[in-house]
Amino acid sequence: MKNRLKGILFELIGQLMVPFVHTDDETWVFSSTKNEHYNYNSKYLFEYVLQNHIDKKTFFVINDTVTRRKLNKVVGPYFISTRTLTGVGKVLSARVWITSAGLPMHLMFDHKERLVINLWHGVPLKKIVLMENDTTWIKRLYVALFFSRQYSAIATTSKKLISTYANSFGVKDNIVKVLGQPRNDLLFEDNRNIFEEKFPNISGKKVLYAPTYREWETTQLFPFADFDEGKVENFLERINATIFIRFHLQNQEQTRFVETKHIRFINEDKFEDIMTVLNNFDLLVTDYSSMYIDYLLLDRPIVFLPYDLSDYSKKRGFNFDYNLVTPGEKVTDTCEHFCDVIQHNLEKPELGSKERTRVNHFFNSARNSNRERVYQYILSKLKI
């Protein structure tokens with residue numbers, strides 16, 4: 001509560017300072033989740049600009065003191081706090097704000113010439129923001145006052161998604177631009193060494209199992225009545241494969257499992273953003289995570305476990321027909337069937353490629369070089 005009140009105080013101070021602060025085209029400020037995390041598309045565009053366009057004065061808002069100090073030591077002195085007057089001054093002086101979640105500061109009245117670019121953090125397979133099933137008028141008002149009217153552009157990955165983004169964020173269609181996701185550039189880079197630092201001596205095929213977090217109940221892992229961890233371990237030993245399970249921090253299901261040789265955990269303590277190593281996996285298992293849409297760019301097998309599809313659809317909701325946009329086998333009956341599907345897809349990864357290509361074309365028309373595309377777009381807007 002104390003930190004929240006401090007945050008409100010400095011944002012009020014920032015609002016009063018707005019008319020007196022001159023914006024600088026060369027100053028760009030980045031932010032992400034709750035202004036506390038160094039993640040998502042903002043992180044990767046920030047690092048790209050920092051490394052390739054050194055003429056820009058780049059800063060990243062991290063209000064968590066421990067995280068900020070660590071990043072300033074490891075990455076460099078680019079991380080600031082909006083809980084200090086110095087940090088507020090830097091944020092207000094930036095002509096460009098780039099975010100993946102939230103904003104560096106929440107101001108009702110701001111410089112009209114400021115560019116506010118929302119890169120978001122994934123294609124919205126599920127309903128988000130204003131499209132969520134439980135959206136209240138208070139939330140709509142809050143989003144309209146502090147977010148919707150501030151955005152200069154919201155990045156998407158395909159023309160076919162423009163109306164979905166516009167309705168979700170409460171903006172006109174022309175605000176949504178097909179720029180791609182900066183993080184997806186990592187899918188085409190060799191980062192095996194990063195993976196192997198955390199998981200040395202892993203041989204054979206690698207399967208990522210990344211279920212979706214459910215706010216209303218605990219997510220069921222391996223949701224089969226006949227599930228037996230020992231039998232799955234023996235199966236993986238036989239086919240020389242390892243399943244890496246990625247839990248949400250809130251998910252308590254992890255307590256039921258013990259790591260084995262072929263069943264491992266790959267949570268945020270290993271990689272805060274799984275995109276860093278996503279291309280190291282030969283197959284993806286999920287239920288409703290939009291991560292699979294990024295994974296489509298690799299044209300590798302995907303297996304879906306939508307064990308509570310009807311309930312999830314009612315409570316959270318989808319922007320698209322789930323069965324039409326999920327190219328891969330759906331397994332909801334037995335663990336034995338699940339194992340058979342995993343083995344079949346690992347042995348013949350080309351199966352299903354045609355359907356994956358169809359869905360990939362729908363979701364991903366901007367596929368690579370996204371960081372440079374976003375950067376050039378921002379430059380073009382600064383010249384207007």
Side-chain angles (χ1 to χ4, degrees), residues 4 31-37 39-42 99-103 106 108 116-151 153-178 181 183 210-220 246-252 273-275 286-294 304-326 359 362-364:
R4 183 173 178 80
S31 68
S32 193
T33 316
K34 298 180 180 180
N35 286 333
E36 294 181 352
H37 296 272
N39 60 6
Y40 297 147
N41 285 306
S42 296
T99 184
S100 293
L103 290 174
H106 302 92
M108 285 186 64
V116 181
I117 313 296
N118 183 357
L119 302 177
W120 200 233
H121 48 270
V123 175
L125 171 71
K126 297 162 284 192
K127 292 184 177 180
I128 59 170
V129 196
L130 299 179
M131 294 291 285
E132 292 179 12
N133 290 343
D134 60 351
T135 302
T136 64
W137 70 268
I138 296 176
K139 181 176 181 178
R140 290 185 177 278
L141 179 62
Y142 175 71
V143 171
L145 289 175
F146 293 100
F147 296 94
S148 301
R149 66 196 188 97
Q150 305 283 1
Y151 292 133
I154 298 173
T156 185
T157 56
S158 170
K159 288 182 179 180
K160 296 176 181 177
L161 304 179
I162 287 177
S163 62
T164 299
Y165 276 76
N167 292 332
S168 297
F169 291 100
V171 298
K172 294 181 179 179
D173 284 3
N174 63 355
I175 295 296
V176 183
K177 306 296 181 182
V178 181
Q181 296 192 82
R183 71 182 192 185
T212 300
Y213 172 65
R214 293 150 174 81
E215 296 88 346
W216 54 88
E217 65 181 11
T218 300
T219 298
Q220 296 180 38
R246 185 169 177 85
F247 302 90
H248 277 262
L249 292 179
Q250 304 96 324
N251 195 334
Q252 300 303 310
D273 191 344
I274 195 63
M275 287 300 298
T286 187
D287 40 26
Y288 318 117
S289 172
S290 62
M291 183 193 308
Y292 85 86
I293 296 174
D294 304 322
F304 296 90
L305 305 181
Y307 68 90
D308 59 345
L309 179 58
S310 178
D311 188 50
Y312 193 93
S313 181
K314 290 176 183 177
K315 291 181 178 178
R316 182 64 192 271
F318 297 100
N319 286 312
F320 313 97
D321 185 317
Y322 179 81
N323 288 311
L324 289 179
V325 297
T326 48
V359 179
F362 178 82
F363 281 122
N364 295 312

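The chain is numbered in sequence order, starting from 1. If you're wondering where the values come from, they're calculated on a predicted model, not measured in any experiment.
Formation of a donor-acceptor pair under 3.5 Å by the Tyr307 side chain with backbone atoms of Gln220 is found in this model. Using modelled atom types, one side-chain atom of Thr157 and one backbone atom of Phe363 make a donor-acceptor pair closer than 3.5 Å. Looking at Ser158, its side chain does come within 3.5 Å of a backbone N or O of Phe362 through a donor-acceptor pair. In terms of modelled atom types and a separation under 3.5 Å, the side chain of Ser100 and the main chain of Leu119 share no donor-acceptor contact. Distance alone, capped at 3.5 Å, is enough to place a donor-acceptor pair between the Arg140 side chain and the Leu130 backbone. Of the possible polar contacts, none joining the Asp173 side chain to the Ala166 backbone as a donor-acceptor pair under 3.5 Å is found.
The nearest pair of heavy atoms linking Val325 to Leu125 is CG2-CD1, 3.8 Å. The two atoms that bring Gln150 and Met108 nearest to each other are NE2-O, 3.8 Å, heavy atoms only. Nearest heavy-atom pair, Met291 versus Ile274, reported as atom, atom and distance to 0.1 Å: CE-CG2, 3.6 Å. The minimum heavy-atom distance linking Pro124 with Tyr165 is given by the pair CD-OH, 3.2 Å.
Taking CG from Asp294 and CE from Met275, the interatomic distance works out to 4.5 Å, rounded to the nearest 0.5 Å. The line from CD1 of Ile128 to CZ of Arg316 is 8.5 Å long, rounded to the nearest 0.5 Å. With rounding to the nearest 0.5 angstrom, the CD1 atom of Ile154 is 11.0 Å from the NZ atom of Lys177. Here the OH-OG1 distance, from Tyr213 to Thr219, works out to 8.0 Å after rounding to the nearest 0.5 Å. Atom CG in Leu161 sits 9.0 Å away from atom CG in Asn319 (nearest 0.5 Å).
For Lys34, the NZ atom counts as loosely surrounded, since its 6.0 Å shell holds 12 or fewer non-hydrogen atoms of other residues, nucleotides or ligands. In the displayed structure, Trp216 atom CH2 is contacted under 6.0 Å by more than 12 heavy atoms of other residues, nucleotides or ligands.
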Could you walk me through whether Tyr40 and Thr33 satisfy the side chain to side chain contact (heavy atoms under 4.5 Å, CB included) test, starting with their C-alpha distance in whole Å, then the side-chain angles of each, then the deciding distance to 0.1 Å, before giving a yes or no? CA-CA 8 Å; Tyr40 297 147; Thr33 316; 3.1 Å; yes
What's the verdict on side chain to side chain contact (heavy atoms under 4.5 Å, CB included) for Thr164 and Phe320, showing C-alpha distance, side-chain angles and the deciding distance? CA-CA 9 Å; Thr164 299; Phe320 313 97; 3.9 Å; yes
Under the criterion side chain to side chain contact (heavy atoms under 4.5 Å, CB included), I'd like the reasoning laid out for Glu215 against Lys315: C-alpha separation, chi angles, the key distance, then a yes or no. CA-CA 10 Å; Glu215 296 88 346; Lys315 291 181 178 178; over 6 Å; no
Asp287 vs Arg214, salt bridge (Lys or Arg N to Asp or Glu O under 4.0 Å): CA-CA, chis, key distance, verdict: CA-CA 11 Å; Asp287 40 26; Arg214 293 150 174 81; 3.0 Å; yes
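Partner Tyr288 forms a side-chain hydrogen bond (donor to acceptor under 3.5 Å, both in side chains) with one of Thr212, Asp308, Thr326 and no other, that one being Asp308.
Between the side chains of Ser31 and Thr99, a donor-acceptor pair is found at a separation under 3.5 Å.
Listed by first and then second residue, the side chain to side chain donor-acceptor pair (under 3.5 Å) pairs that reach into residues 117-134 are Asn118-Tyr151, Glu132-Lys139, sequence neighbours excluded.
Aromatic pair Tyr142/Phe147: centroids less than 6.0 angstrom apart.
Legend: residues meeting side-chain hydrogen bond (donor to acceptor under 3.5 Å, both in side chains) with Tyr312, ordered by chain and number and at least two apart, are absent.
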